[in-house]
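Remember, it's 1-based here, ligands and their atoms both numbered in the order they're listed.
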Amino acid sequence: MNIKLLSIVLSLLFFGCQKPTPPDLNPNAVVPTPKLIQYQQMELIGFIHFTVNTFTNKEWGYGDESPQIFNPTALDAEQWAQTAKAAGMKQLILTAKHHDGFCLWPSQYTEHSVKNSPYKEGKGDVVEEFVAACKKYGLKAGLYLSPWDRNHKDYGNSAYITYYKNQLKEILTQYGEINEIWFDGANGGDGYYGGANEIRKIDRTTYYDWQKIIAFVKKLQPNIKIFSDAGPDVHWIGNEKGFAGSTFWSTINTGQLTIGASKTDYLNTGDPNGNQWIIGQCDVSIRPGWFYHANQDSLVKTPQQLADIYYKSVGRNALLLLNLPPDKRGIIHENDVKSLTGFKAIVDASLATDLAKGQTASANNYRLEHPKFAPQNTLDGDPMTYWSTDDGVFPAKLEIELNKKTHFDRIMIQEPIHLGQRISAFEIDVMENKDWVKIAQGTTIGYKRILRIPEVKTRKIRIRITEANNTVALTNVGLYLSSPKEKLD
Ligand code: FUL
């Protein structure tokens with residue numbers, strides 16, 4: 001046989017043995033768009049609550065505040081952005097207008113704004129400074145425009161909806177790309193209302209005609225993510241503590257949601273039978289209040305409290321939106337910066353070193369026994385590769401063998417959410433003296449689940465998935481040993 005013939009025979013043999021690459025798993029009926037996946041990957045974002053309340057020491061301004069009181073002496077939006085960036089945040093959201101109606105940009109539709117304040121002699125534009133600072137530090141920018149306006153004379157009538165849309169148009173066309181718009185649910189009640197000083201109630205289900213406003217916003221900014229307690233892209237988690245439910249589905253049933261009137265328990269868990277993918281966002285302030293109050297300088301959350309919130313938000317398949325309210329100078333207070341820096345140091349020390357990296361994964365079953373679905377894919381850190389079983393295999397068991405006995409107390413698990421959220425029950429065992437011992441159990445996983453367990457020392461750990469709405473798939477598993485600083489409070 002000549003060499004050419006031999007090489008043909010050999011290559012036929014070689015390729016003949018290779019299995020063709022099988023298709024991906026069939027996705028669930030409800031999956032996130034690539035844009036929503038990118039949004040979820042931000043994990044940690046920040047809030048900037050700043051307005052006349054900062055100067056009146058209130059949480060909710062009545063709407064009768066004089067613009068003259070808005071006078072930050074050292075406003076530095078770059079300090080906000082730098083602080084956020086250093087903490088690992090990927091986006092900041094500014095209260096362009098809170099319930100008091102005062103606008104941080106010189107809106108042409110009202111006199112109730114920075115243009116009538118002493119700040120930069122009425123020439124300032126805080127929204128512009130904010131967006132520029134975010135851009136400079138590589139952060140996405142988001143804006144909060146309170147639907148409720150206690151200043152405006154027309155609040156409660158249709159003329160106010162025109163005003164609100166005009167303002168949306170201003171903030172969504174004059175400042176470049178805005179990644180998120182935040183629609184708060186607080187709505188209606190007493191207020192100044194152009195001097196009427198009365199109580200005004202609105203019908204939350206009809207007054208704003210939200211579907212029209214949503215379409216209007218998306219037309220102005222096609223890539224924007226819209227937050228409210230009903231989505232359509234990101235929804236409130238149902239409390240202001242920063243905690244997602246320990247069961248949390250990114251799917252939810254839109255038929256059960258109304259902006260400003262959704263059930264908080266439902267928002268906190270999502271719905272395995274939901275008809276839409278809406279990301280959960282956990283908002284919480286680093287201080288007791290959303291706005292800066294000097295008498296709360298000693299009440300800033302500790303790095304340990306912030307770490308706990310992180311595990312209950314990012315660690316439960318949601319985003320953490322942490323509020324950092326600037327003080328009367330217009331900068332984030334030293335105590336807040338210190339706590340945030342401590343928090344970042346803890347999270348980094350606890351979760352930076354993945355002890356499972358480079359170790360060996362095996363499973364009781366892997367789909368078609370093809371490398372595309374091999375257990376080892378869970379240890380490569382790539383969100384697109386995954387381990388998956390053949391259809392109907394329960395429990396699906398993934399085992400990680402470490403090359404030596406290793407201490408760990410944090411377990412991170414991720415599903416390939418581009419295929420949907422599937423898992424609803426799992427258990428975790430570790431090998432102790434040749435026996436499997438159960439050390440943890442849980443329900444949902446989703447984009448990311450981080451479990452805190454008592455420290456173990458073992459060479460083998462096993463994740464048993466006992467329930468899922470479709471064939472099991474996991475994209476990444478990580479093992480970590482937390483920083484001792486997490487425990488000091
Ligand atoms: C709430 C508002 O009423 C608070 O003042 C704050 O802005 C918070 C983030 O949302 O509903």
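- Under the 6.0 Å distance and 45° angle rule, Lys328 does not count as a cation-pi partner of Tyr292.
- For the pair Glu59/Asn53, no side-chain contact is recorded, criterion being any heavy-atom separation below 4.5 Å from C-beta on.
- Centroid-to-centroid, the aromatic rings of Phe47 and His49 come within less than 6.0 Å.
- For the pair Arg410 and Tyr311, the cation-pi criterion (under 6.0 Å, within 45° of the ring axis) is fulfilled.
- Protein residues having a heavy atom under 4.0 Å from any atom of ligand 1 are Phe47, His49, Trp60, His98, His99, Tyr144, Trp182, Asp184, Ala186, Glu240, Asp283, Trp290, listed by chain and number.
- In this structure, Lys153 fails the cation-pi test against Tyr193, since its NZ or CZ atom is not both closer than 6.0 Å to the six-membered ring centre and inside 45 degrees of the ring normal.
- Ring centroid separation for the pair Tyr155 and Tyr160 comes in under the 6.0 Å cut-off.
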